[in-house]
Amino acid sequence: MSKSKDFLRTIVEEDLKSGKYKEVVTRFPPEPNGFPHIGHAKSIVINFGIARDYHGHCNLRMDDTNPTTEDTKYVEALKDAVQWLGFDWGNSVHFTSDYFPKLYDYAVELIKMGKAYVDSLTEEEIREYRGTVTEAGRRSKYAQRSIEENLDLFERMKKGEFKDGEHVLRARIDMSAANMKMRDPLLYRIRHAHHFRAGDEWSIYPMYDFAHCLADYIEGVTHSICTLEFENNRDIYNWVLDTLGLKPPRPYQYEFARLNINYTVMSKRKLLELVEGGQVSGWDDPRLPTIAGYKRRGYTPESILNFCDGIGIAKANSMVDVAQLEFSIRDDLNTKVPRVLCVLDPLKVTIVNYEGSEEIEASYYPHDVPKEGSRKIPFSKDIYIERDDFMENPPKGYFRLTPEQPVRLRHGYIISCKEVIKDTNGNIVEIKAEYHPDSKSGSDTSGIKVKSAIQWVSAKEAKTVEVRLYDRLFKEEAPEGVEDINPDSLQVIKNALIEPAVITEKPDERFQFERQGYFYADPINYSDEHPVFNKIVGLKDSWGKKKKTGEPVPKPQAKKVQIDGEVVAMSEEQQALFDKYTNALGLNSEVANTLARDEQLSSFYEEALAVLNSPVGLANIVSNDVARELKEKQANELKFNAKQIAELVKMVDDATISNKIAKQVFEEMVKSGENPTQVVKDKGLVQISDPSIIAPIIDEIIAKNPDNVAKFKAGNTKLLGFFVGQVLKATGGKANPKVVNELVAEKLK
RNA sequence: UGGGGUAUCGCCAAGCGGUAAGGCACUAGUUUUUGGUACUGGUAUUCGGGGGUUCGAAUCCCUCUACCCCAUCCA
């Protein structure tokens, strides 16, 4: 498998390789306050998947720190989802509430360290004191309480001596932090509420930011993977663990983009609204993106798993096309499921020249699905076909039955339309047809060519079934709420007709109704007396698509105009420097701009310039490479100095080394702080410019890549870079690229 | 507006200085007793915009733009 791995797996692999952890431990930590949806599935697949791939384990942990919203019924739904997807959480499900005593002790420890205090501001005051994104907040006067007082108050909070909201425990961090989350975050609040597991034992409950990192630590989690909106919380995560000085190893948090799918909603709040508002029949309504919904609809766990693998993991907010999900389920079911005949909208057909009855042996699977199994389909003179499959005045390209065009009854005979019977309103109510006796499927000697084979059922033996046709719940690609609901998301067909074997033999619970789609025997409402099938997904329909594309699809797609914003003006000193650089030293304006605007860079540059009079060469390396290092570090933290950079540039000026090698040497200097001359000497990096040495290498490369030579000669000039790259690789980067370029160009002419 | 993120095809997504992977969707054709499947081909001279460095930039530097997250005693 050359499938590239995602950034999380890359991190995990590195951590394992470096010995940071002996074993990888992840966790799936939902809050049990709602039904899991396909976004959770993504998280489950990531967390359990990584644990599986790297032979570690993944805990299922209920993050139950808020007693007012959580419930045990959600715990069950969550367990169900994980299990259904095929993952194993080991011996037991974990609960953050199990750690409440330990968490309390950690909080006490923080208080003793002077790192946490009991605050008694009101909720509004706390908000007010926090400041805004642009203004610093200010600390509460209660932050001055002594450790003893804090300890006492906190203990009494625990004992339940105070009312809800009277006090909170806060971390003492920084009320003016640019990251709002770090402005003395709340650690505990008072809640005289019944917890679905802890009962009434506690009157204080830990906040997410305090509980989550510690729960991870307690469980020995190594990689704490969550969604993007927790990026800002990572600082607290680290603060708590670091401040407590816990024994390593400890977990680190990484974030990925949550899943969005078009034409659906994924937020717990909106899902709850739909369920409570009665827009859907419950958490397991087949139109919902809940796991329970997909399960009820007939999706397989494999299809969800494949979908999650297919969409990848990254940090960019994105909206996945439902078509991708639909592909996953079709792709999975295609090779698994029996094909049967079902008529959704029946049109009576009387075969006037057929008498009696017979049974036709028909395979459940098409030729390209390597599965065994067949059933008998009854045939007689009275049958039903799909109303869509007959047209009196067909458009061009219509393959089905018409007054002029015969059609094959799937697995059966070819029939021709003889007469169209209509009611008084002109609606077609029946077709009189003739069958061709020598055209039976498998032993056709009629020589009649038909364009298609259609589904049908024998009137007498067919079973009546209810079929529920589901479509997307919303008509808008990015729905806001109930106003965007698709009014046709559910169509119930009470009297569909299906061949009897489906009901009597029950060869499976999922079927392909030929030419229509995949269907699932509803696990709740299905009974032998009243069979009910849910449409999982339709088959791809290139005919339907072709019909629709009658009207032109206009694509206004105005090219987006990029507006360039104002660049911040330079200060006077910066402007003076800029002028000096461009005028006296001959730097181009971009380089001069970079240098002049950055104090550290310009002084570094000046220093190097004092050693070596090579203004342009120095400016380039300082404004590009040194700048990169100075982004993360202060000048005095660098392992190399201006003098060494001057030395490096001198070698480039001398043509001792090429620019490419200079970069390589620079990297080494960043790491070790060694002198450039020494690095060049140690690694033998002196550049090769002698054509007589380079030429044979080029010949070799050319000989090895005849295809690319041909492509190049055919006009693919990009390949020049390929050849140069190869030669440079062969020489360990030492060949003089300019010389190589000229030589290659010449040889390939 | 301060901070933190993210921009590569219609939708996802690889790529980490040397020929712009792959999947979905779309499209053309072959096979087909499912207008399904399978198979074959076509789909980015270009990586949010503009500059710069380099023989060579999606990748390094500068700068601008757009979008997302943060001011719950939710998670």
Side-chain angles (χ1 to χ4, degrees), chain A residues 2-4 30-31 33 63 65-66 69 123 126-127 130-135 137 164-165 168 177-181 183 186 188-191 207-208 212 228-235 255 257 262 310-312 314-321 323-324 327 330 334-335 339 366-369 399-400 408 410-411 441-442 444 450-455 512 514-516 539-544 546 560 562-567 588-591 593-594 597 620-621 623-625 627-628 658-660 663 708 711 716 718-726 728-729 736-738 740-742:
Chain A
S2 65
K3 177 134 171 57
S4 47
E31 183 190 12
N33 69 344
D63 214 358
T65 57
N66 184 358
T69 56
E123 205 173 328
I126 286 180
R127 219 191 318 272
R130 189 146 36 212
T132 69
V133 287
T134 47
E135 298 160 60
D164 282 14
V168 290
N179 179 356
M180 297 284 300
K181 297 268 173 182
R183 322 250 257 228
L186 275 62
Y188 269 91
R189 77 286 215 186
I190 300 171
R191 272 289 133 88
M207 302 289 289
Y208 166 85
H212 201 94
L228 248 30
E229 66 269 27
F230 292 98
E231 272 172 329
N232 295 315
N233 301 61
R234 189 173 59 226
D235 284 346
E255 311 87 12
N262 58 9
I311 57 175
K315 294 192 73 158
N317 285 315
S318 57
M319 170 112 76
V320 175
D321 195 336
Q324 183 100 22
F327 165 80
R330 276 193 209 107
N334 176 43
T335 52
R339 317 291 144 121
H367 62 94
D368 50 357
V369 172
F399 291 172
R400 290 103 103 154
R408 174 175 297 280
R410 174 107 245 238
H411 300 299
S441 188
D444 184 356
V450 291
K451 291 211 171 85
S452 76
I454 62 173
Q455 69 272 28
Q512 186 196 101
E514 291 211 29
R515 304 210 303 137
Q516 313 209 91
L539 255 27
K540 276 183 75 170
D541 180 11
S542 47
W543 169 242
K546 207 172 273 178
K560 248 189 248 162
Q562 273 271 356
I563 339 156
D564 273 0
E566 281 291 291
V567 178
N588 76 46
S589 62
E590 197 61 33
V591 170
N593 187 47
T594 306
R597 279 173 185 276
N620 284 342
I621 192 162
S623 71
N624 285 287
D625 301 277
R628 179 170 58 248
S658 64
N659 265 301
K660 190 184 176 78
K663 299 244 181 209
N708 283 340
K711 276 194 226 165
N716 190 347
K718 276 184 299 188
L719 257 11
L720 187 63
F722 165 77
F723 287 108
V724 175
Q726 290 295 311
L728 251 47
K729 204 168 166 188
N736 181 334
K738 269 185 201 153
V740 175
N741 243 304
E742 282 164 22

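Side-chain atoms are counted along with the backbone in the values below, which use heavy atoms only and exclude waters and symmetry mates. In the text below, chain A, chain B and the rest are named by the order of the sequence lines, each starting its count at 1.
Residues passing the side-chain hydrogen bond (donor to acceptor under 3.5 Å, both in side chains) test with A/R130: none are found, sequence neighbours excluded.
Taking atom CG of A/N233 as the reference point, atom C1' of B/A71 lies 13 Å away to the nearest angstrom. The nearest whole Å value for the distance from the CG atom in A/N659 to the P atom in B/U53 is 11 Å. Per the geometry, CZ belonging to A/F230 stands 9 Å off P belonging to B/A75, to the nearest Å. Remark: C1' of B/U72 and CG of A/N33 are 14 Å apart, rounded to the nearest angstrom. We find that CZ of A/F723 is positioned 22 Å from P of B/G17, with the value rounded to whole Å. Straight-line distance from the CD1 atom of A/I190 to the P atom of B/C73: 14 Å, rounded to whole Å. Taking atom CD of A/E231 as the reference point, atom C1' of B/C68 lies 9 Å away to the nearest angstrom. Rounded to whole Å, atom P of B/G35 lies 9 Å from atom CG of A/D541.
Among the protein residues, A/G165 comes within range of the nucleic acid bases, having at least one heavy atom under 4.0 Å from a base atom. Counting any heavy atom pair closer than 4.0 Å across all strands shown, A/R183 reaches no nucleic acid atom. Contact annotation for A/K181: base contact, defined as any heavy-atom pair under 4.0 Å involving a base atom. Using a 4.0 Å heavy-atom cutoff across all strands shown, A/V168 reaches at least one base atom of the nucleic acid. A/V320 comes within 4.0 angstrom of sugar-phosphate atoms only, judged by non-hydrogen atoms across all strands, and of no base. Base engagement by A/D368 is indicated by at least one non-hydrogen atom pair under 4.0 Å involving a base atom. The residue A/E123 sits close to a base: some heavy atom pair falls under 4.0 Å. Using a 4.0 Å heavy-atom cutoff across all strands shown, A/H411 reaches at least one base atom of the nucleic acid. Within 4.0 Å (heavy atoms only), A/E566 reaches sugar-phosphate atoms of the nucleic acid but no base atom. Residue A/L539 is in base contact, counting any heavy-atom pair closer than 4.0 Å across all strands shown. Residue contacts for A/G442: at a heavy-atom cut-off of 4.0 Å it reaches a base atom on one of the strands shown. Among the atoms of the strands shown, base atoms are found under 4.0 Å from some heavy atom of A/N232. No contact: A/S658 has no heavy atom under 4.0 Å from any strand. Backbone-only engagement by A/S542 is indicated by non-hydrogen atom pairs under 4.0 Å involving sugar-phosphate atoms exclusively.
You'll find a donor-acceptor pair under 3.5 Å spanning the side chain of A/N708 and the base of B/U19, going by distance alone. Evaluation of atom-type donor-acceptor distances gives a pair under 3.5 Å for the side chain of A/Q324 against the base of B/G23. Counting atom types as modelled, A/N179 pairs no side-chain N or O with a base atom of B/G2 as donor and acceptor under 3.5 Å. For A/R234 against B/G4, a side-chain-to-base donor-acceptor contact under 3.5 Å is absent. At a cut-off of 3.5 angstrom, counting only N and O atoms as typed in the model, there is a donor on one side and an acceptor on the other between the side-chain of A/R408 and the base of B/U33. If you check distances only, the side chain of A/D235 never reaches the base of B/G3 with a donor-acceptor pair under 3.5 Å.
For the pair A/R330 and A/P366, both in contact range of RNA chain B, the more 5′-proximal nearest nucleotide belongs to A/R330. Residue A/T134 is the one, among A/T134 and A/R189, whose nearest nucleotide of RNA chain B lies closer to the 5' end (criterion: closest heavy atom).
Between A/D235 and A/K181 no salt bridge is recorded (no basic side-chain N to carboxylate O distance below 4.0 Å). Using a cutoff of 4.0 Å between basic side-chain nitrogens and carboxylate oxygens, A/R408 and A/D444 are scored as salt-bridged.
Under the 4.5 Å side-chain criterion, counting only non-hydrogen atoms from C-beta, A/N66 is not in contact with A/N33. With contacts defined as side-chain heavy-atom distances shorter than 4.5 Å, the pair A/H212/A/D63 qualifies. Considering only heavy atoms from C-beta on, A/I190 stays 4.5 Å or farther from A/V168 through its side chain.
For B/G18 and B/U54, the C1' atoms lie 12 Å apart once the distance is rounded to whole Å. Atom P of B/U8 sits at a distance of 15 Å from the matching atom of B/C68, rounded to the whole Å. To the nearest whole angstrom, the two P atoms, one in B/G52 and one in B/G41, are 41 Å apart. Straight-line distance between the P atoms of B/C62 and B/A25: roughly 41 Å, to the nearest whole Å.
Interatomic distance, CG of A/D321 versus CD1 of A/I311, reported as 12.0 Å (0.5 Å rounding). Rounding to the nearest 0.5 angstrom, the gap separating the NZ atom in A/K315 from the CD atom in A/E231 is 4.5 Å. Taken to the nearest 0.5 Å, the CD atom of A/E590 stands 9.0 Å off from the OG atom of A/S623. Going from atom OG1 of A/T335 over to atom CG of A/D368 covers 10.0 Å, rounded to the nearest 0.5 Å.
No hydrogens or angles considered: a donor-acceptor pair under 3.5 Å links the side chains of A/R515 and A/Q455. For the residue pair A/N593 and A/R597, a side-chain donor N or O sits within less than 3.5 Å of a side-chain acceptor on the partner. Side-chain contact of A/T69 with A/E31: a donor-acceptor pair under 3.5 Å is present, judged by distance alone.
With a glycosidic angle no more than 90° from 0, B/U72 adopts the syn conformation.
Shortest non-hydrogen contact noted between A/R400 and A/W543 is NH1-CD1, 3.0 Å.
Listed nucleotides: B/U33, B/G52, B/A75. Nearest to the side chain of A/N588: B/G52. Candidate nucleotides B/U33, B/C12, B/C55 were compared by shortest atom distance to the side chain of A/M319, and B/C12 ranks first. With B/G36, B/A13, B/C24 as the choices, the nucleotide that has an atom nearest any side-chain atom of A/S318 turns out to be B/A13. Minimum atom distance to the side chain of A/F327 is reached by B/A25, of the listed B/A25, B/G56, B/U6. When the nucleotides B/U72, B/A75, B/U33 are ranked by their closest atom to the side chain of A/E229, B/A75 comes out on top.
B/G2 is paired with B/C70 under the Watson-Crick or G-U wobble criterion, all donor-acceptor distances under 3.5 Å. Base pairing analysis places B/U19 opposite nothing; no Watson-Crick or G-U wobble pair with both distances below 3.5 Å involves it.
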Is there any protein nitrogen or oxygen under 3.5 Å from a nitrogen or oxygen in nucleotides 59-62 of chain B, and what are the pairs?
residue: B/C60; atom: O2'; partner: A/R628; partner atom: NH1; Å: 2.2
residue: B/C61; atom: OP1; partner: A/K631; partner atom: NZ; Å: 2.8
residue: B/C61; atom: O4'; partner: A/N624; partner atom: OD1; Å: 3.4
residue: B/C61; atom: O2'; partner: A/S623; partner atom: O; Å: 2.5
residue: B/C62; atom: OP2; partner: A/K631; partner atom: NZ; Å: 3.1
residue: B/C62; atom: O2; partner: A/E590; partner atom: OE2; Å: 2.9

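In this pair, A/F722 does not lay its aromatic ring on the base of B/G18; centres under 5.5 Å and planes under 30 degrees do not both hold. Both thresholds, 5.5 Å between centres and 30° between ring planes, are not jointly met by A/Y208 relative to the base of B/A75, so the two rings are not stacked.
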Exercise. Can you check each nucleotide of nucleotides 40-49 of chain B against protein heavy atoms at under 4.0 Å and return B for base, S for sugar-phosphate only, - for none, in 5' to 3' order?
Key: ------B-BS

